[in-house]
S.K.: 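Supplied in C-alpha cells, the structure appears directly below.
We use all heavy atoms of the structure for the numbers below, so side chains are in, but hydrogens, waters and symmetry mates are not. In what follows, chains carry the letters A, B, and so on, assigned in the order in which the sequence lines appear, proteins first and then strands, with residues in each chain numbered from 1.
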Amino acid sequence: MPYDFNAVENKWQSIWQENKCFESHTDNSKEKFFCLEMFPYPSGALHMGHIRNYSIGDVIARFLRKNNKNVLYSIGFDSFGMPAENAAIKFKTKPHDWTLKNIDYMTQQLKRMGYSYDWNREAITCLPEYYRWNQWFFLQMYKRGLVYQKEAPVNWCDTCGTVLANEQVENGCCWRCHNPVTKKNLKQWFIKITDYAQELLDDIDKDLDPGWPRRVRIMQTNWIGRSEGARLKFKVPELNYDIEAFTTRFDTIYGVTFIALAPEHELVKIMRDKLNHDEAEKLNEFVQKVSAQSSIERSDAGAEKLGFKTPFYGIHPVTGKQIPIWIANYILIDYGTGAIMGVPSGDQRDFEFCRKYNIPVIPVIKPVDGEIFDGETMTHAYEEYGIVCNSGEFDGLKTEDAIKIMIDWGEKNNYCKREVNFKLRDWLISRQRYWGTPIPFVYCDDCGVVPVPEENLPVLLPEDVEVKEVGHSPLLDLPDWLNTTCPKCGKPARREADTMDTFFCSSWYFDRYCSPHDDKNAFESSDVNYWMPVDQYIGGIEHACLHLIYARFFAKFLNDIGMTNFREPFKNLLTQGMVIKDGAKMSKSLGNTVDPTEIVSKYGADTVRLFILFAAPPNNDLEWSERGVEGVNRFLGRVWRYVEDNLESLKANNKIIPVGEIKNEAEREFKRKIHDTVKNVTRDLIDEKQFNTAIARLMELTNAIYTFNFDDDVANNLKREAVDVLLNCLSPFCPHMTEELWQMLGHEEFLCVTAWPVADEKALVRENAVIVVQINGKVREKVNLPAGLSTQDLEHEILNNDAVKSRIDGKNIIKIISVPDKLVNIVVK
RNA sequence: GCCGGGGUGGCGGAAUGGCAGACGCAGUAGACUCAAAAUCUACCGAGUGCAAGCUCGUGGGGGUUCAAGUCCCCCCUCCGGCACCA
C-alpha cells in the first residue's frame, strides 16, 4: 500500500490534539525548556521563511520533550500594523476583520504542518486582552520617568504616513516600504531606552556570549555605539551663549580652526535674530536648502559638504583665540550636542570642509616616524595615532597617552569634562496610524497631558472603522472616541490619537505565553519566572537591531519594576538563513515564491519539513529545489516501504540482543551502526543544531538496514532494533509518518512522548581498527588490526606487515608517529 | 571607508590538526518492464594507466607541523551589517 500522507498526517494531528500531547504546565519539580520562534505578522499566508523558522523550532521542542524536559512551545500573531490598513483600503474591508481572517487561515496552515504548539497559550496582540497590557506597561514606564514627549526632527515616511524610530530606518529608507525617509519637526512620544544603553552593551558580553551568534552581538554593539571622549565649551560672548561640543579626540584641541553647528541647532535661530535682513535671508536659505535634502542625500558619507559662514566667533577654551562659527550640513543634530570642534588636520570630514571653504589647517599629530605635515599642502587628514605636535607643552606625547593626559589636564583647568556618548537614540514610540495600541493619554486644556488611570484601561481601539485614503488616522474622524473627559478635572478633553509602534507588542509576547489567561495582570510572575528566560529563540537576523534590542530593554524594565527575576530574555539565539530561489530571496515582487500549501498538498508536511532541514545548516541560506524535495520524499518512501514489507517479521522479533550475545562480525557491525547513529544524531541535535547532518546519519542507517541481509534470529531482532531507533530519531523531523509506523509495529505509547534512545556504549566498542599507514605523510596502506593496541605493539605490527615492509624496503626510518587505533606515519629517507 | 562572515566536485553540502568530498541532488550504466514511470544494483573530483596503482586537487601565495580544508602571515574575491556618529 503506498503511503497516504494526507490520511496519516491528519489522523495524527487529531489524535495528538485529543490527547493533549503538547500542553504544558508550570511545574517547579521539572526542568523546563522554553522554545520560542519569532511570531508571524498575519499577512495572509505563511511563506517558506516561516516554514523554515517553525520547522527548526518544532524539531527542538519535540526533541527536548522526548528528553524529559518540560517544554513550553507556543505561537501567536504580531497582529497590529500598517498592512492591515493598506489592505482595508484596497479590499474595502476593516483592518480588524482582515487581520482575524488571516490569523484563521494561517492557524490552519500551521496546524497542517504538525507543529507541536500548545495552542492554549496563543497570544494575539491586536485583541484588547493583550494590548491593554501594552497600555499598562506604558503607564508604568511613564511613572518611572521613562516616557516623555518632545518636539524634535524625527524620521518621517511619506508613504506610510507616520514617523519611524531610528532602528526602523535602513540606509535612509523606511524598513517596511523602502521609501526615502525625510526629517520632520514633530512632537512625539519617546521611551528612554538610552538610560539602559550601558547595560544593554555590557550584557552582550556578559550574558549573550556564546548563546547568541557573534554576528548579532557585534551588530548590537555597533548599534549602541559607545564612544568615550570629552565635552567642551566655546563661549560666544556676543551672543551670551556657550556652544558645547563632544569630541573623542581632545588631544587635537590645538588643531581647532572652526566650529560647526547642525542647521537645526538652537543657536542658529538666536544668530539669525541678530543678523540684518539680508544676512538672515541668506542663512534661512541655507538652512532650508539643507533640510530639503532627504536623509540619504544628507547622511551619505560621500555627499557634498555644504557650509554657511556666520559672522560670529567662539572663544577657544585653551588658546583663547577667536574661532569662526559655521553651519554645516554634515553635522547631525541628534548625536552628541549637535555641534563640533572642527579639526581639519585630524578628521577627514573636517578636512574636506576646510579645503572647500579655505579654512586653515593646523597639523597637531605627526606619524611616529615621519615629519610634521604642512597644513597648506597636506592632501588628507591624518586620523591615525601618532605623536602630538604644535600643541605647546604636550608636544612629543604619543596619541594613546595624550588622549588621557590632555583630558585630565582639561578637566583640572575646566576646559572640558569626560563624557560617554552613544549612537543609540531614544525609542520613538508614537505612530500616526489607526491599527495599533492607543497611547493611554488625554489632552486637557487645563491639566495638560494626563495619563489615563489604570482602572480605566484598556483604552479600546474602535473596531468598526472605515479606513480611507486620507493622510491622517481615522481615529481623528471619530469624535465619539476622540472626545472624552479629563481624568483629573472632569472637563472635556481629547484623546491621544497616535498609536504605539508595534515593536512594543513584540517586546513581551513570550512573557504572555507563560501566563496566557491572566486577566488581572499582564502575567503571573511565578509562571514567567519559571519559564523565562527563553532557552532557545529562533528567528531572522533582520531583527538584530530592532526587536532584539527592544525586547532586551523591556526585560530589564520588567525586572526593575519587580515583575520578573531576570534581566535578559533570550539565552540562546539561532538566526536562520533566508530561503532562496533562482539565486534571490523568495519574494512576491520577484515572483519566485513557492507556496507552502501547494507543496504540502503534493508531498505532505513531513517531506517539506525534512527537506527544509536537510538542504542546508540552519544559519545558511537555503536554496529551494523541488528535486531535493523529491529526494527526501524518496527517502521517506524507503523507510515506509521497509517497515511495511517486513512488518510481520519486525513485529515478531522485538528483543534487544546484547552485544555480548552476538557472534557474527557483520551483525556486531550492524549493532554498532545503530548505536553510532543514536550517539551522533543526539550530538548533532544538542551541541550543534546541525539538522542536516543528523538527517544524513539517519539516511545512512536506512541504507545500512537495506543492505543488511542476514536472516537468522539475531539478525531479525537487530533489524527491529534498528527500525525502532530510526523511527524514534526521525520522529522530531517527520512526526506523522514515524508515529504511524510506530503504531503499526505494535507500540502502545505515542512516539512523540517516547523517550529518546540512549546509545549503548558497549555496542560502540570496536574489536578491530583499520589503521591508515602513511609513508612520509601519504596514505599508502590500510591494515586491519585488533583495537586497543599500545603504541609499541601497533608500530611492531605495522613494521612487520608485508605490504608495508616492501614499501619501506631499503630506506632509513627516521621517525614514526602513531595514533592508536587510527594511524601510523612512517618518515623515511 | 569601518566591522563581520564566507570561498571544498556539475549543484546543496560533510569532515575533534590524522583516509578530503559523508548524505542528498543531478548524471552514467545495468536489472525489472512490451514500453514507460516507480523501484533496485553499480559507478560518479581531475589527469594518467590494461590493471594494481601513481600524480594533482579544498580562492591564490608563503609559513608552522611527521601530517593542514582545518593553525599563522600576506593577497584576491563574494556576501552581510553600519556608514559624515565628531
Side-chain angles (χ1 to χ4, degrees), chain A residues 2 170-172 213-223 225-227 229 245-250 252 260 262 296 298-305 328-332 334-343 346-350 352-353 383 421-425 541-542 544-545 577-578 580 610-611 614-617 619-632 634-635 637-638 641 680 683 690 692-703 706-707 770-782 814-819 822-828:
Chain A
E170 299 170 343
N171 297 320
R214 187 182 154 76
R215 184 145 83 110
V216 178
R217 294 188 332 252
I218 288 170
M219 282 167 76
Q220 288 209 354
T221 303
N222 293 340
W223 188 261
R226 183 182 199 273
S227 53
F246 173 75
T247 178
T248 54
R249 293 297 299 275
F250 189 74
T252 63
I296 325 177
R298 174 140 171 223
S299 68
D300 182 12
E304 196 191 2
K305 293 182 176 36
N329 66 338
Y330 72 98
I331 310 304
L332 307 173
D334 51 4
Y335 183 77
T337 60
I340 60 140
M341 62 177 220
V343 183
D347 182 294
Q348 186 59 23
R349 297 158 300 179
D350 294 348
E352 285 164 24
F353 189 74
E383 295 184 325
N421 250 291
F422 294 94
K423 259 174 66 182
L424 183 75
R425 314 286 153 84
I541 186 110
E542 65 273 16
C545 294
M578 295 184 295
I580 302 281
L610 192 64
F611 168 74
F614 177 64
N619 42 324
N620 282 25
D621 284 348
L622 180 149
E623 175 78 34
W624 181 262
S625 149
E626 187 142 349
R627 298 278 196 173
V629 176
E630 283 165 6
V632 295
R634 208 148 37 221
F635 162 66
R638 269 162 77 77
R641 237 175 295 121
N680 291 326
R683 201 188 47 218
Q690 290 263 41
N692 56 329
T693 54
I695 294 163
R697 294 181 204 284
L698 294 172
M699 290 175 168
E700 277 187 66
L701 179 59
T702 306
N703 293 342
Y706 263 87
T707 45
V770 176
I771 307 296
V772 171
V773 181
Q774 295 183 338
I775 294 170
N776 288 341
K778 294 196 172 172
V779 180
R780 288 302 180 221
E781 299 291 336
K782 287 171 192 179
I814 293 170
K815 196 174 181 182
I816 300 179
I817 294 98
S818 304
V819 183
K822 268 195 177 161
L823 167 140
V824 173
N825 188 8
I826 306 166
V827 185
V828 297

S.K.: Would you indicate, yes or no, if B:G27 has its OP1 or OP2 atom less than 4.0 angstrom from a side-chain nitrogen or oxygen of A:Arg627?
M.R.: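 Looking at the OP1 and OP2 atoms of B:G27, neither is under 4.0 Å from any side-chain N or O of A:Arg627.
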S.K.: Got A:Asp347 and A:Phe353 here, is their nearest side-chain heavy-atom distance under 4.5 Å?
M.R.: no
S.K.: Tell me whether the OP1 or OP2 atom of B:A86 has a side-chain N or O from A:Ser227 closer than 4.0 Å.
M.R.: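 Checking B:A86 against A:Ser227, a side-chain N or O does come within under 4.0 Å of OP1 or OP2.
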S.K.: Using whole Å, what does the distance between atom P of nucleotide B:C3 and atom NZ of A:Lys423 come to?
M.R.: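 Checked: the NZ to P distance equals 14 Å.
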S.K.: Starting at CG of A:Asn619 and ending at C1' of B:G4, how long is that distance when rounded to a whole Å?
M.R.: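 So the two atoms are 14 Å apart, to the nearest Å.
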S.K.: Describe the nucleic acid contact of A:Gly225 in one word from base, sugar-phosphate, nothing, applying a heavy-atom distance below 4.0 Å.
M.R.: nothing
S.K.: Measure the CE-CG distance between A:Met699 and A:Leu610 for me, rounded to the nearest 0.5 Å.
M.R.: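 The CE atom of A:Met699 sits 5.5 Å away from the CG atom of A:Leu610.
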S.K.: Quick one: is B:G13 close enough that its OP1 or OP2 comes under 4.0 Å of any side-chain N or O from A:Asn620?
M.R.: yes
S.K.: Both distances under 3.5 Å, Watson-Crick or G-U wobble: on that basis, could you give the dot-bracket string for RNA chain B, with [ ] for crossing pairs and | for other-strand partners?
M.R.: (((((((..(((.....[....))).(((((.......))))).((((....))))..(((((..]....))))))))))))....
S.K.: OP1 or OP2 of B:G5 versus the side-chain N and O atoms of A:Arg214: is any pair under 4.0 Å?
M.R.: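 It does, given that an N or O in the side chain of A:Arg214 lies less than 4.0 Å from OP1 or OP2 of B:G5.
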S.K.: When you compare B:A38 with B:G21, how far apart are their P atoms, in angstrom units rounded to a whole number?
M.R.: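 So the two P atoms sit 30 Å from each other.
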S.K.: Checking contacts here: which listed nucleotide (B:A15, B:U41, B:A86) is nearest the side-chain heavy atoms of A:Arg638?
M.R.: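 It is B:U41.
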S.K.: Under 4.5 Å between any side-chain heavy atoms of A:Arg215 and A:Ile541, yes or no?
M.R.: yes
S.K.: Can you measure A:Asn776 atom CG to B:U65 atom P for me and round it to whole angstrom units?
M.R.: 16 Å
S.K.: To the nearest 0.5 angstrom, please state how far the CG atom of A:Asn825 sits from the CG atom of A:Asn776.
M.R.: 7.0 Å
S.K.: For B:G9, is chi within 90° of 0 (syn) or not (anti)?
M.R.: syn
S.K.: Quick one: does any side-chain atom of A:Asn692 pair with a main-chain N or O of A:Ala616 as donor and acceptor, under 3.5 Å?
M.R.: no
S.K.: With a 4.0 Å cutoff (strictly under), does any side-chain N or O of A:Arg780 reach OP1 or OP2 of B:G53?
M.R.: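 No, A:Arg780 has no side-chain N/O under 4.0 Å of OP1/OP2 on B:G53.
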S.K.: Please classify the nucleic acid contact of A:Ser625 as base, sugar-phosphate, or nothing, using heavy-atom distances under 4.0 Å.
M.R.: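 No contact at all - A:Ser625 keeps every heavy atom at 4.0 Å or more from the nucleic acid.
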S.K.: How far does the P atom of B:C11 sit from the matching atom of B:U64, given to the nearest Å?
M.R.: 34 Å
S.K.: Search all heavy atoms of A:Thr337 against all heavy atoms of A:Ala245 and return the closest pair with its distance.
M.R.: OG1-CA, 3.4 Å
S.K.: To the nearest 0.5 Å, what is the distance between CZ (A:Phe614) and OG1 (A:Thr693)?
M.R.: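 Reported value, rounded in 0.5 Å steps: 9.5 Å.
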S.K.: Measuring from A:Glu630:CD to A:Arg634:CZ, what's the distance to the nearest 0.5 Å?
M.R.: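 It comes to 6.5 Å.
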S.K.: When the distance from CD1 of A:Ile814 to P of B:A67 is rounded to whole Å, what number comes out?
M.R.: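 From A:Ile814 CD1 to B:A67 P: 12 Å.
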S.K.: Over how many whole Å does the gap from A:Asn680 atom CG to B:A14 atom C1' extend?
M.R.: 13 Å
S.K.: Would you compute the distance between atom CD1 of A:Ile331 and atom CG of A:Asp350 and round it to the nearest 0.5 angstrom?
M.R.: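 It is 6.5 Å, given to the nearest 0.5 Å.
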S.K.: Can you tell me how far C1' in B:A14 sits from the matching atom in B:C25, rounded to whole Å?
M.R.: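 One C1' to the other, the span is 15 Å.
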S.K.: Could you tell me how far apart A:Tyr706 (OH) and B:G24 (P) are, to the nearest whole angstrom?
M.R.: 13 Å
S.K.: Find the distance A:Trp223:CH2 to B:C3:P and express it as a whole number of Å.
M.R.: 19 Å
S.K.: Relative to the 5' end of RNA chain B, which residue comes earlier, A:Thr337 or A:Val632, by the nucleotide with the nearest heavy atom?
M.R.: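 Comparing both residues, the 5'-ward one is A:Val632.
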S.K.: Checking A:Arg697 against A:Arg683 for the side-chain contact (heavy atoms from CB on, under 4.5 Å) test, could you report, in this order, the C-alpha distance in whole Å, the side-chain angles of both residues, the deciding distance, and whether it holds?
M.R.: CA-CA 11 Å; A:Arg697 294 181 204 284; A:Arg683 201 188 47 218; 4.1 Å; yes
S.K.: For the side chain of A:Lys305 and the base of B:C84, is some donor closer than 3.5 Å to an acceptor across the two?
M.R.: yes
S.K.: For residues A:Asn329 and A:Glu304, determine if any side-chain heavy atom of one lies less than 4.5 Å from a side-chain heavy atom of the other.
M.R.: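 SC-SC contact between A:Asn329 and A:Glu304 ruled out.
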S.K.: I'd like the P distance from B:A46 over to B:A68, given in whole Å.
M.R.: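 These two P atoms come out 24 Å apart once rounded.
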S.K.: Within the 4.0 Å heavy-atom criterion, would you say A:Asp621 contacts the bases, only the backbone, or no part of the nucleic acid?
M.R.: sugar-phosphate
S.K.: Select from A:Glu623 and A:Asn421 the residue whose nearest nucleotide in RNA chain B is closer to the 5' end of that strand.
M.R.: A:Glu623
S.K.: Please classify the nucleic acid contact of A:Glu304 as base, sugar-phosphate, or nothing, using heavy-atom distances under 4.0 Å.
M.R.: base
S.K.: Output the residues of residues 215-222 of chain A in contact with RNA chain B, where contact means a heavy atom of the residue under 4.0 Å from an atom of the strand; sort by number or write none.
M.R.: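 By residue number: A:Arg215, A:Ile218, A:Met219.
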S.K.: To the nearest 0.5 Å, how far apart are CD in A:Gln774 and CD1 in A:Ile816?
M.R.: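 Those atoms lie 13.0 Å apart.
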S.K.: Quote, to the nearest angstrom, the C1' distance that separates B:G45 from B:A22.
M.R.: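 Here B:G45 and B:A22 have their C1' atoms 15 Å from each other.
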S.K.: Just the rounded figure in Å: distance from P of B:C82 to OH of A:Tyr335.
M.R.: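 Rounded to whole Å, this separation is 17 Å.
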S.K.: Ignoring hydrogens, what is the shortest heavy-atom contact between A:Gln220 and A:Ala544? Give both atom names and the distance.
M.R.: NE2-O, 2.8 Å
S.K.: For nucleotides 16-23 of chain B, read 5' to 3', which letter fits each nucleotide if B means a protein heavy atom sits under 4.0 Å from the base, S means only the sugar-phosphate is that close, and - means neither?
M.R.: B-BB--BB
S.K.: Tell me whether A:Lys305 forms a cation-pi arrangement with A:Tyr330, defined as NZ or CZ under 6.0 Å from the six-membered ring centre and within 45 degrees of its axis.
M.R.: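 Cation-pi check for A:Lys305 and A:Tyr330: passes.
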S.K.: Taking only the C1' atom of each, what is the distance from B:G27 to B:U33 in whole angstrom?
M.R.: 23 Å
S.K.: Rounding to an integer number of angstrom, what distance separates B:G18 and B:A37 when you compare their P atoms?
M.R.: 44 Å
S.K.: For nucleotides B:G6 and B:U70, find the distance between their C1' atoms and express it as a whole number of Å.
M.R.: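 The answer is 15 Å between these two C1' atoms.
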